[in-house]
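I have placed the structure first, in the form of structure tokens, so that the comments after it can refer back to it.
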2 protein chains.
Amino acid sequence: MATQNQELKKVGLKVTLPRVKILQMFEASDCGHLSAEDIYKALQETGEDVGLATVYRVLTQFEAAGLITKHNFDGGHAIYELASDDHHDHMVNIKTGEVIEFVDSLIEQRQHQIAAEHGLTIVGHSLVLYVKATE
Amino acid sequence: MATQNQELKKVGLKVTLPRVKILQMFEASDCGHLSAEDIYKALQETGEDVGLATVYRVLTQFEAAGLITKHNFDGGHAIYELASDDHHDHMVNIKTGEVIEFVDSLIEQRQHQIAAEHGLTIVGHSLVLYVKATE
DNA sequence: TTTACTGCAAACTGTTTGCAGTAAA
DNA sequence: TTTACTGCAAACAGTTTGCAGTAAA
């Protein structure tokens, strides 16, 4: 039995076709950074009859369940990726659209320090570097 | 004559009431982080008859002219602030909506270093810490 | 007078929601 | 059988745009 089924049950969601398919897409895709539109189109192409509204609902549920993470990069639409234990930030290549992940504990550390200096606690954060190839 | 008039002329925009008023609002407001909606409402309250579409148009023109900077924080609507030479990042208090600016040269430095390690150059970046008061 | 600018309403994009039907448990 | 889930279409928020009128130069 596919692993997805267990993952879904674990978070209290019924095992339905749209959910299994979408979860598979995240696990299959190597880059792993997908928008609702990406997923919707890909499902259409494989002949699956899943509505866009359902894609959004499933993504919201997956995010609430901690299976995936949502990012609001520039450019309007949100993108999602499988949640992983290790936190990381992103570089977006503005020429190619490529998304590169990176981790830097020094930056993480400074962020918490800065918030603390203001008597604040970090609830979430977003660090995106928009980059291009060095000439 | 008000300074705003020169600034507008310098960037090749006619000196009109909506533009002068909006530019004044940015210079007057101490926090300086305003959304289109904020500006529109404030103008209504002072009895100015400026349409929301015009607010958006003016903001877009000001951004193109380099007078102001646009930020896409979480939560749907964009916010704008007067452009300044010194770069800074933002903390957004998720309870109050308050925006706090901060600068950290260590983080800046690391960002460039990380990009360089990948053979990339930073074109732009966005660092936002979503925070709340420490309990 | 000429041309840029404006307000209005209608269009658009990304996302959410109400509802009646459908399928998982 | 029960209840969660689905597709559809309609609603939504933030933003943009076409157009005919208005005001800056």
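All heavy atoms count here, side chains included; hydrogens, waters and symmetry mates do not. Lettering follows sequence order; numbering is per chain, from 1.
R19(B) comes within 4.0 angstrom of the backbone, heavy atoms only, and of no base. Among the heavy atoms of the strands, none lies under 4.0 Å from L17(B).
With hydrogens and angles disregarded, a donor-acceptor distance shorter than 3.5 Å links the side chain of T134(A) to the backbone of G119(B). Put simply, the side chain of H71(B) never gets that close to the backbone of T69(B): no donor and acceptor are under 3.5 Å apart.
Checking dT16(C), dT15(D), dA24(D) against every side-chain atom of T60(A), the shortest atom distance belongs to dT16(C). Nearest to the side chain of H77(A), among dG14(C), dT6(D), dT6(C), sits dG14(C). For K14(B), taking side-chain heavy atoms from C-beta onward, the closest of the listed nucleotides dA4(C), dA25(C), dT15(C) is dA4(C).
Nucleotide dG21(C) has dC5(D) as its partner under the Watson-Crick or G-U criteria, with both atom distances under 3.5 Å. If you check dA10(C) for Watson-Crick or wobble pairing at under 3.5 angstrom, you find it paired to dT16(D).
One finds no side-chain N or O of Y56(B) lying less than 4.0 angstrom from the OP1 or OP2 phosphate oxygen of dT16(D). Between T16(B) and dT6(C) there is a side-chain polar atom (N or O) within less than 4.0 angstrom of OP1 or OP2.
Toward the 5′ end of DNA chain D lies the nearest nucleotide of G76(B), the other residue of the pair G76(B) and V15(B) mapping further downstream. Both E37(B) and P18(A) lie near DNA chain D, and the one whose nearest nucleotide falls closer to the 5' end is P18(A).
With ring centers used as reference points, H87(A) lies under 6.0 Å from H125(A).
Contact detail for K132(A) and N93(A): the closest heavy-atom pair is CA-OD1, 4.2 Å. The shortest heavy-atom contact between L43(A) and I22(A) is CD1-CG1, 4.1 Å.
For L59(A) and dC5(D), the CG to P distance is 15 Å, given to the nearest whole Å. Spacing between atom CG of L43(B) and atom C1' of dG7(C) amounts to 13 Å, rounded to whole angstrom units. Atom OH in Y80(B) sits about 13 Å away from atom P in dG14(D), given to the nearest Å. As rounded to whole Å, 15 Å separates atom C1' of dA23(C) from atom CG of L13(A). When the C1' atom of dG14(C) is taken as reference, atom CD1 of I79(A) falls 15 Å away, rounded to whole Å. Regarding R57(B), its CZ atom lies at a distance of 13 Å from the C1' atom of dT22(D), rounded to whole Å. When the P atom of dA13(D) is taken as reference, atom CZ of F73(B) falls 22 Å away, rounded to whole Å. Atom NZ of K41(B) is separated from atom C1' of dA13(D) by 12 Å (rounded to the nearest Å).
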